[in-house]
Protein chains: 2
Amino acid sequence: MKQTHAVGIKIVFFTVSEGKLFAFLPNHRVPEQSLSHNHTLEEEASICVKKTLGLTPHEGFVEQLYTISDPTDVHAVTVVYYMLVPPDRVSIDKKGKWLPVFENKQAVTDDKILFYAVQRLQWKIEYTNAVYSLLPNQFTLGELQRVYEAILNKSLDKRNFRKKILSLGMVKDTGKKRKQGRARPAEVYTFVSRKLTIVEIL
Amino acid sequence: MKQTHAVGIKIVFFTVSEGKLFAFLPNHRVPEQSLSHNHTLEEEASICVKKTLGLTPHEGFVEQLYTISDPTDVHAVTVVYYMLVPPDRVSIDKKGKWLPVFENKQAVTDDKILFYAVQRLQWKIEYTNAVYSLLPNQFTLGELQRVYEAILNKSLDKRNFRKKILSLGMVKDTGKKRKQGRARPAEVYTFVSRKLTIVEIL
DNA sequence: ACAAAAGTGTTAGAAATACACCCATGT
DNA sequence: ACATGGGTGTATTTCTAACACTTTTGT
């Protein structure tokens, strides 16, 4: 005799904007959805992404975090994911629901999930190219650094950062330059690969 | 309207013995069990551990790996764990069901799960004291090194290994010595903590 | 001329790696 | 005496971290 359970998924959506890490938390909650029959978890996650932000999952980077269970909850079993959302796909009308992760002082229902997701994200960007999904196709090293700083919540040394990134070979120079304001134009880079890659020094 | 799903758990049991990493694979399968109502995943995992090997989970180290889904499977959703089993709790009569992970050439039904579990385990022991659960309370550095070598599937330099382990402060000297065979008696060590600890150099 | 961000090298300390011999015991 | 596993130190290389000034552009 087989027993069945209500299964849900939760997705912590992250984006970086104005030098800050934001999470999508409408009503101070992590978006959640029930798993339907005939759907895999991945399919259901796609639907959740679509429904919540109007995106498809391959527009960002999605990773499964872990699975929790609580027989007394609406969902006896909940599979938790996080997704990195490119800032240009964040629509303005949802602005109020994106909370700055490190500054927010409001209570968040799923704060443990949120903090764990942040930690896993911080970890992930240290040894993979996962940040590609938080930057447009072309970007400057300054922009890249600001994304790292926003996620790690600390400032980094410019020279050491560039040395590291370039030695890892995760980005390549396009030869183009971009002017911004009244500053010196910056070199424009692209990611060598826009798929998740373990970057390690051989 | 809420839909429900059959949920299962699978546990990859590891142990180290005779200098080799073994996984418990009766019928070349990873042990599996259905989640019952009123049980959390952790409770169900405990029951599975008990039923499969006659142990309680706190006799070893248990970690959740990830959750997979297949709507056409007996279990639409399966949560995968691995557990490190102290070798002295491995009973002889189950001997034939423990397969040597790196030497085994027989087909294993859940080989992807198995290999992923091995990889996560290899990773884990690099920055935590998780191996405590594969050693008795008292052990020599030689025994500890053989456990690392079995899991990493490569040999390590004795001097560098000892330097590293001692500098991490995860073990302490008991002052006792243990004679084994016709060799020089070895210092006996214990783990500073038998809880999972992130070991890093400050 | 000045404000703003981009770009660039060196040095010192820490950590990782490679490597070979003597020690204490049992047979 | 010899076989077995235990124990120890040094030199090299690599990685990390700290640090300040010049360049190019717009105003």
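Chain letters run A, B, ... following the sequence lines, proteins first and then strands; every chain starts at 1. Every value quoted in this text rests on a predicted model; they were computed, and no experiment measured them. Heavy atoms only: backbone and side chains are in, while hydrogens, waters and symmetry mates are out.
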Roughly, in whole Å, what's the span from [atom1] in [X] to [atom2] in [N]?
X: Asp173(A); N: dG7(C); atom1: CG; atom2: C1'; answer: 12 Å
X: Glu187(B); N: dT8(D); atom1: CD; atom2: C1'; answer: 13 Å
X: Tyr189(A); N: dA6(C); atom1: OH; atom2: P; answer: 12 Å
X: Tyr127(A); N: dT16(D); atom1: OH; atom2: C1'; answer: 21 Å
X: Arg178(B); N: dG7(D); atom1: CZ; atom2: P; answer: 11 Å
X: Phe161(A); N: dA6(C); atom1: CZ; atom2: P; answer: 12 Å
X: Lys164(A); N: dT8(C); atom1: NZ; atom2: P; answer: 19 Å
X: Leu156(B); N: dA16(C); atom1: CG; atom2: P; answer: 13 Å

Check: What string of B, S and - do you get for nucleotides 17-26 of chain D, 5' to 3', when a contact is any protein heavy atom under 4.0 Å?
Finding: BBBB--BBBB

Notebook entry, point to check: How far does CG of Leu135(B) sit from OH of Tyr132(B), to the nearest 0.5 angstrom?
Noted result: 11.5 Å

Note to self: A quick test of your reading: do over 12 heavy atoms of other residues, nucleotides or ligands sit less than 6.0 Å from CZ of Arg29(B)?
What the structure shows: no

Notebook entry, point to check: Lys172(A) and Phe191(A): which non-hydrogen atoms are nearest, and at how many Å?
Noted result: NZ-O, 4.2 Å

Note to self: Would the distance check show the side chain of Glu44(B) and the main-chain N or O of His39(B) forming a donor-acceptor pair, the cut-off being under 3.5 Å?
What the structure shows: no

Notebook entry, point to check: Any side-chain N or O of Gln145(A) under 4.0 Å from OP1/OP2 of dA6(C)?
Noted result: no

Checklist line | Cationic N near anionic O, under 4.0 Å, Glu187(B) to Arg162(B) | finding: no

Check: Between Val118(A) and Phe102(A), is any pair of side-chain heavy atoms under 4.5 Å apart?
Finding: yes

